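Bear in mind that the values here come from a model prediction, so they are computed numbers and not experimental data. In what follows, chains are A, B, ... by sequence order, proteins preceding strands, each numbered from 1.
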There are 2 protein chains.
Amino acid sequence: MTTAGTAHETTTRTGPAAARQHSLREHNLELVARAVFEGPEPLSRAGVAAATGLARATVSTLVDQLVAARLVRELPAVTGGRAGRPAVPLVPAPRSVVGLGLEVNVDYLGARVLDLTGDVVVDRVVPGALHDSDPAVVLRRLGELAREVSDGVAASGMTVAGARLALPGLVDPRTGLLEVAPNLGWSTLDPVPPLGLGDLPVRIANEAKLAALAELAGGSDVAAPDSFVFVSGDVGIGAAIVVDRALFLGERGWNGEIGHVVVDPAGPRCSCGAFGCLEQYAGKEAMMRAAGLPTDAPLAALVALLTERDAAARGGSGVVARAGSAAAALPAGRALGSALADFVNLLDVSTIVLGGAYTELLPWLRADVEAVLADRVLAAPFVDLEVRAAQAGPQAALTGGAREVLRAVLADPAAWV
Amino acid sequence: MTTAGTAHETTTRTGPAAARQHSLREHNLELVARAVFEGPEPLSRAGVAAATGLARATVSTLVDQLVAARLVRELPAVTGGRAGRPAVPLVPAPRSVVGLGLEVNVDYLGARVLDLTGDVVVDRVVPGALHDSDPAVVLRRLGELAREVSDGVAASGMTVAGARLALPGLVDPRTGLLEVAPNLGWSTLDPVPPLGLGDLPVRIANEAKLAALAELAGGSDVAAPDSFVFVSGDVGIGAAIVVDRALFLGERGWNGEIGHVVVDPAGPRCSCGAFGCLEQYAGKEAMMRAAGLPTDAPLAALVALLTERDAAARGGSGVVARAGSAAAALPAGRALGSALADFVNLLDVSTIVLGGAYTELLPWLRADVEAVLADRVLAAPFVDLEVRAAQAGPQAALTGGAREVLRAVLADPAAWV
DNA sequence: CGCATTTGTTGTACGGATGAACTATTACGC
DNA sequence: GCGTAATAGTTCATCCGTACAACAAATGCG
């Protein structure tokens with residue numbers, strides 16, 4: 001299995017270091033790599049020079065190193081109807097250096113490999129009921145899956161730069177320990193050694209946090225902005241804060257616990273001990289109960305019920321709902337809006353991305369959420385608040401984890417030359 | 001008036017730039033300056049080299065430039081009982097480059113000058129009733145005060161690096177406009193030109209945000225940690241988020257509006273239109289009303305009343321209150337604790353600094369605040385939450401503003417060589 | 001086919017950090 | 001008192017990376 005023993009990933013901030021000559025090289029190497037990776041369309045060496053402000057000669061040597069490191073690839077020179085020597089377009093190298101996303105969740109485990117272009121190279125998701133499971137057994141199974149996938153891509157000549165393991169619980173990014181994952185029934189363990197992935201650098205992170213990073217994918221016109229809040233609704237409700245395309249983790253990465261913001265202190269008691277937490281109104285079980293469904297019904301059942309009600313309302317009265325989209329608003333909407341208003345008042349973000357179950361339920365939530373936000377957010381008159389559905393597909397944490405690995409590669413390309 | 005026309009201050013992030021040779025110099029110049037300024041005790045050139053990892057030769061040339069720029073000063077060589085040539089201790093230069101803090105608040109305006117050692121060089125606070133005042137008149141008066149102060153220090157050979165104007169309202173740091181300051185009755189204006197301070201770079205900021213920065217002062221053992229939340233209670237309640245010794249402003253600097261976190265949707269109507277905002281429980285007027293005092297009574301009256309009640313409780317029954325410190329807990333405490341719990345759950349901060357009126361009221365708030373936090377913060381079992389009183393003295397925003405100017409100088413010493 | 005135009009490369013110059021050698025200044029032992 | 005060790009600070013040759021200018025390569029156009 002080909003792994004990257006040389007590429008040590010650095011994210012721990014150990015204070016600013018002395019800048020030597022090679023620091024210049026590292027900085028500019030990253031600058032050039034970013035220009036190539038983040039440009040809306042392929043740039044030539046000359047284009048990179050113009051975009052970065054570096055001299056053409058400098059860019060040439062840097063690009064040559066990136067090409068040698070298999071991070072950047074040259075496309076055939078394109079003679080674009082313009083005078084002059086044709087430019088050589090530079091693009092992220094496909095199928096060369098790849099990132100591995102791993103995840104253990106309540107009802108599945110999976111492994112996904114992305115290459116530098118953002119393409120999914122391998123995708124393996126194994127369903128399973130993993131609440132109250134044995135960590136040793138589950139992690140060994142995931143480890144086997146990971147090795148299988150990793151060996152496969154290595155056999156095709158790709159290099160796995162690292163892996164991120166997404167877990168639905170409190171993760172301490174500094175110690176690498178999982179403190180507690182209530183829905184798995186796990187607590188206080190180091191999940192990396194049981195995977196048995198040798199010297200492949202594996203880091204763990206919270207599932208919702210990595211799912212948020214998946215929203216940054218693609219240069220599509222519906223891509224998330226550089227800063228937003230990602231709220232993932234499921235049995236629990238978690239959030240991640242993304243600032244300038246990076247996770248804002250707070251001191252320990254335990255932020256975004258929006259599920260336990262108190263919406264009404266006179267409300268029902270929550271599992272956390274408090275009364276009237278958001279989770280008691282907008283958690284999956286609460287929404288099911290409010291709709292008259294069993295708490296463990298699948299999300300699809302709720303969507304079907306709501307769709308049916310809409311059709312009945314339209315057909316029966318011929319009147320389309322005030323909001324113009326859905327007649328049957330979920331009672332969760334106002335509670336969610338209230339908690340989000342607190343979030344926005346405290347953090348000043350203007351884009352809210354709703355993920356997890358909320359993605360599909362957004363049509364029945366949007367009107368209430370937006371109305372409450374408009375009422376309750378102080379800066380609302382001065383700001384365009386946007387509430388949007390998550391774009392990343394299912395198991396977004398797998399994609400986000402793989403992307404996070406590649407982001408680290410891009411942040412330090414010098415380690416690969 | 002000696003101002004720094006050459007020292008343009010840069011805080012707007014315009015994406016990473018190409019690193020040239022002189023970028024190296026700038027980076028290391030900052031590194032050396034930080035070592036001198038932030039070291040617990042004066043370092044010699046050799047000490048700086050050891051602390052930064054730079055070569056002694058490099059440090060020497062950099063220090064010489066800092067000394068020539070009057071940012072660093074050499075103390076007399078100290079023969080410290082050790083063999084070898086005595087070291088020359090380097091310290092921040094006193095009375096050379098200074099920062100000017102300005103403030104307009106409801107009941108005063110003021111100007112304060114700090115030098116690089118953190119010493120207060122000049123301090124001028126003028127009381128006045130400025131609610132519903134005329135911005136043009138007030139800003140002209142403040143401008144006169146500022147020129148007076150500035151001319152004075154310039155006459156003593158000091159250089160004013162810049163100024164920060166603290167205002168109690170919504171400030172857009174990108175446009176430099178004050179959007180609205182309800183308590184002053186001001187809205188949508190650029191307050192800098194009326195000051196008439198010529199080419200002195202003046203930037204404006206929210207008052208609570210700058211007050212938070214004042215907490216970073218001093219190497220005392222009670223100094224605030226690198227990251228904390230600062231909550232300032234007055235008529236309104238504002239908060240600032242400090243991460244790694246820098247303000248975290250969100251997208252527009254309009255975060256920290258904790259005063260309008262909903263504590264109880266069944267509560268009294270707030271001026272913002274919502275019901276049960278924190279301000280309705282823990283704002284100054286609410287606290288006065290709860291204590292049976294007129295809403296415009298001075299804070300001292302409330303403190304006196306509470307102290308008296310404590311004495312009566314102790315003397316009358318001989319029983320000390322459960323919390324061991326104060327018998328008469330303020331009803332505001334639980335509300336404040338609840339809003340802070342939301343804040344901590346959303347942001348993951350472990351230190352909360354209470355400023356403004358809360359500083360003096362903390363003895364009567366602490367027990368309830370800490371109890372609610374322990375109940376409501378999810379990560380409480382894993383984290384040591386600390387609630388402490390603000391350390392900076394009165395008009396903390398003046399100190400914070402001046403410090404912010406000097407922080408910018410320290411971040412770019414190359415502009416001064 | 002010659003010329004303008006743009007891309008990419010080569011060679012020289014310059015700025016900045018380095019490490020080794022050197023000077024300056026003290027403490028300590030005899 | 002004097003030599004030696006130790007530490008601080010400076011000087012100088014060298015290395016490294018970028019910039020600028022000149023040059024080669026490859027195309028469109030008249």
Side-chain angles (χ1 to χ4, degrees), chain A residues 16-32 35-36 41-68 72-90 413-414 417, chain B residues 16-32 35-36 39 41-68 72-91 413-414 417:
Chain A
R20 303 158 213 287
Q21 301 289 107
H22 71 88
S23 317
L24 257 192
R25 172 56 55 104
E26 286 171 16
H27 177 102
N28 285 337
L29 208 51
E30 177 185 348
L31 191 68
V32 169
V36 171
E41 60 211 16
L43 288 173
S44 65
R45 287 170 171 76
V48 171
T52 59
L54 292 166
R56 285 210 312 274
T58 309
V59 170
S60 261
T61 60
L62 294 174
V63 165
D64 289 348
Q65 293 188 29
L66 291 175
V67 170
V72 167
R73 186 166 198 169
E74 295 180 316
L75 293 182
V78 59
T79 153
R82 227 174 18 186
R85 173 173 169 176
V88 177
L90 303 167
V417 302
Chain B
R20 302 157 213 288
Q21 301 289 107
H22 71 87
S23 318
L24 258 192
R25 174 55 55 105
E26 286 170 15
H27 177 102
N28 286 336
L29 209 50
E30 177 186 347
L31 191 67
V32 169
V36 171
E41 59 211 18
L43 288 173
S44 65
R45 287 170 170 79
V48 171
T52 58
L54 291 167
R56 287 211 312 273
T58 310
V59 170
S60 261
T61 59
L62 294 174
V63 165
D64 288 348
Q65 292 188 30
L66 291 174
V67 170
V72 167
R73 186 165 198 171
E74 296 180 318
L75 292 183
V78 58
T79 153
R82 230 174 16 186
R85 176 171 167 175
V88 178
L90 302 168
V91 291
V417 301

Intermediate values then yes/no, side chain to side chain contact (heavy atoms under 4.5 Å, CB included), B:Arg73 and B:Leu90: CA-CA 6 Å; B:Arg73 186 165 198 171; B:Leu90 302 168; over 6 Å; no
- Message: B:Leu29 vs B:Val417, test: side chain to side chain contact (heavy atoms under 4.5 Å, CB included). Steps then yes/no.
- Response: CA-CA 10 Å; B:Leu29 209 50; B:Val417 301; 3.7 Å; yes
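Residues B:Val91 and B:Val36 have side chains not in contact (no heavy-atom distance under 4.5 Å, counting atoms from C-beta outward).
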Given protein heavy atoms under 4.0 Å, the one-letter contact record of nucleotides 4-10 of chain C, with B base, S sugar-phosphate only and - none, is simply -BBBBBB
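A nucleotide of DNA chain D counts as in contact with chain B when one of its atoms lies under 4.0 Å from a heavy atom; the first and last such, 5' to 3', are D:dA6 to D:dA19.
Closest of all the heavy-atom pairs between A:Ser44 and A:Ala87 is CB-CB, 3.5 Å.
Under the side chain to side chain contact (heavy atoms under 4.5 Å, CB included) criterion, B:Ala18 pairs with A:Leu31, A:Leu54, B:Arg20, sequence neighbours left out. Every residue two or more places apart in sequence or in another chain that forms a side chain to side chain contact (heavy atoms under 4.5 Å, CB included) with A:Ala77 is listed here: A:Pro86, A:Val88.
Residues of residues 20-31 of chain B having a heavy atom closer than 4.0 Å to DNA chain C, listed by number: B:Gln21, B:Leu24, B:Arg25, B:Asn28.
Annotation: salt bridge (charged side-chain N to carboxylate O under 4.0 Å, His left out) contacts involving residues 76-91 of chain B, sequence neighbours excluded, are absent. The stretch residues 22-32 of chain B participates, sequence neighbours left out, in these side-chain hydrogen bond (donor to acceptor under 3.5 Å, both in side chains) pairs: B:His22-B:Glu26, B:Glu30-B:Arg34.
Positionally, the nearest nucleotide of DNA chain C for B:Leu62 lies more toward the 5' end than for the other of B:Leu62 and B:Thr79.
Within the nucleic acid shown, B:Thr58 comes within 4.0 Å of at least one base atom, counting heavy atoms only.
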Result block: side-chain N/O donor-acceptor pairs under 3.5 angstrom for residues 55-65 of chain A, not counting sequence neighbours:
residue : atom : partner : partner atom : Å
A:Thr61 : OG1  : A:Thr58 : O            : 2.8
A:Asp64 : OD1  : A:Arg45 : NH2          : 3.0

Parsed dot-bracket for DNA chain D after applying the Watson-Crick and G-U rules with both distances under 3.5 Å and | for other-strand partners is ||||||||||||||||||||||||||||||
